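Here is the structure we will look at, set down as structure tokens.
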Amino acid sequence: TTATTTTTSSSSTTTTTRSGIRRLISTELAFSTLSEFESYSGLVEHRNAHGVFHVEAPFYEPEGSSRGSLDLVAVVDISGSMAGSKLDLCKETLKFLVNNLTSADRLSVVTYNSDVAVLFPLTKMIPEKKQLMLEEINKLKASKCTNLSGGLFQGMDIMRERSEDDRGTVSSVLLMTDGIANEGVTGKPLVTMTQKLFGDRCDFTIYTFGYGSNHNEDLLKELSEVGNGMYYYIESNEIIPESFADCLGGLLSVVAQNIKITITSMIEGVTIDTVHTTQKSSISDDKKRATVTLGDMQSEEKRDLLISYTLPKHTHAQQSKNSSDKGEAQESSIDTVTPLTAELSYANVITTAFDRKTMPLRVRRPMVEDASDKNERPRNKEVEKQVARVEVSEAITRAMGHARRGSFSSATREIQTTIHTWEASPDAYVQGLNMELNECMDGFTSPAKWAAKGKYQATNMEQRHSRQRCNRVYNEDEDNSSASEGEVTVQYVSKARKMFRKKATKAKKGEEE
């Protein structure tokens, strides 16, 4: 192992390796604001102005004892349909989890078919317990039906029963299934009950894994979003280990939790009209304040909160009111105003502190007319990317609605329109979005394609882009894998995720580390 010494300041950690190399690692979330246009004419009111509140997690790779502890509950489907290679690979996945957890971590295994059993309660991953767990995992056999609710509620109860001083730094329930729940609580009532059980707790997440083409993708996505997690679509058995490894790599690199952004109007007449997010959010009745809960962030992740707001006609009194003192008014341009401010608050997992940052959104309001054509005005490229991301996500949601009603021509037309909107963009990320839309569109062309693959792929893709987090691993030989290798994946797949994917592939092939 590499010997290191570490010194910490309020915003960074300096690590010195045995070779004497010093690395400065940030320990805080970066927070910034962006306006779609640098200026908006002060002569008129502007509706549907766009702003972006950008949050970026630092690269953080803790070593040894410096890493926080992990509590995991694996809720495993052992119904009859899991028999054969599917259960075999699921066993290998559980073994991978056991082998890659340390003595600081705890793992519980819950199995379900028609019955629910706690194979292991939360258990410290010390060598002798690991060996016992591996032996029991090998004995798993598939039979009976699918009481998914029983397995999930048992997993949640294990998390809920922990005492305040006996919780891992990061905790998650991993729910896996290949079928449709056909015993116990099913459908929408299951989501409602899960929401009630989860309540306002933020001390664990729920990740769901749907195998093949016979699971309820809407249910798994909704359950994951109730639990601030993600839904993984596992198209083939071969990528089961890598998919769980991708999730584990993310969980082991969480740097911030309980993240919240509060946006406040600073000028009379400025209203917050829309917060473009699928995360939990609210806007006050007077549209002067908006709050968004972002859950957690993992190493290297980014979150971009896009909002639409209204700017009233400008008066110089607005600028004066916005200046914190006369010095700021003199230093800034006479027509620069701060229509909105945003506060970022979160629990810092690296420093164990509770951090807050406040950033203004500033724009210029010159008393001249804007260019008549918006395309003639310089548009912020980063904001444009986020507008594209949101529009792509919303287009997929609308297309899925058409497909569920049996209108596949309307669904494909929805996708085609969005592709056409963004096809001229020179941005690599936007073109990556269009590549994925093209891939997705094939699943909307017929009822057969929709049922076999389209609905799973579209549900998974919509969540990936709306949440800006990876939730799918592609086969190496997949024909459409080029879509996964572009700028979009570069944005969502961290070094930690890549490392654990490689470990899973080696373990699957029986290679030595």
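Keep in mind that this is a model prediction, so the values were computed, not measured.
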task: Name all pairs fulfilling the salt bridge (Lys or Arg N to Asp or Glu O under 4.0 Å) condition that reach into residues 172-184, sequence neighbours left out, sorted by first residue then second.
output: K86-D178
- request: Just jot down the side chain to side chain contact (heavy atoms under 4.5 Å, CB included) partners of T352, sequence neighbours excluded, or say none.
  value: none
field: Under the side chain to side chain contact (heavy atoms under 4.5 Å, CB included) test, residues paired with E423 that sit two or more places apart
entry: H420, N434
task: Write out all pairs satisfying salt bridge (Lys or Arg N to Asp or Glu O under 4.0 Å) with one or both partners inside residues 123-138, taking only residues at least two apart or from two chains.
output: E136-K139
- request: Calculate, to the nearest 0.5 Å, the distance between atoms NE2 and OH belonging to H215 and Y456 respectively.
  value: 5.5 Å
- prompt: Which residue pairs pass the salt bridge (Lys or Arg N to Asp or Glu O under 4.0 Å) test when at least one of the two sits in residues 106-119, sequence neighbours left out?
  reply: D71-R106, R106-D166, D115-K144
message: Tell me every residue that passes side chain to side chain contact (heavy atoms under 4.5 Å, CB included) with S393, counting only those two or more places apart in sequence or in another chain.
response: E462, S466
- prompt: Is any side-chain N of the basic residue among K385 and D304 closer than 4.0 Å to the acidic one's carboxylate O?
  reply: no
field: From K495, K498, R497, residue fulfilling salt bridge (Lys or Arg N to Asp or Glu O under 4.0 Å) relative to E300
entry: K495
- prompt: Any donor-acceptor pair under 3.5 Å linking the side chain of S407 with the backbone of H402?
  reply: no
Passing option when F244 is tested against F209, F96, F500 for ring pair (Phe, Tyr, Trp, His ring centres under 6.0 Å): F209
task: Look at R472 together with E235 and state whether they make a salt bridge at an N to O cut-off of under 4.0 Å.
output: yes
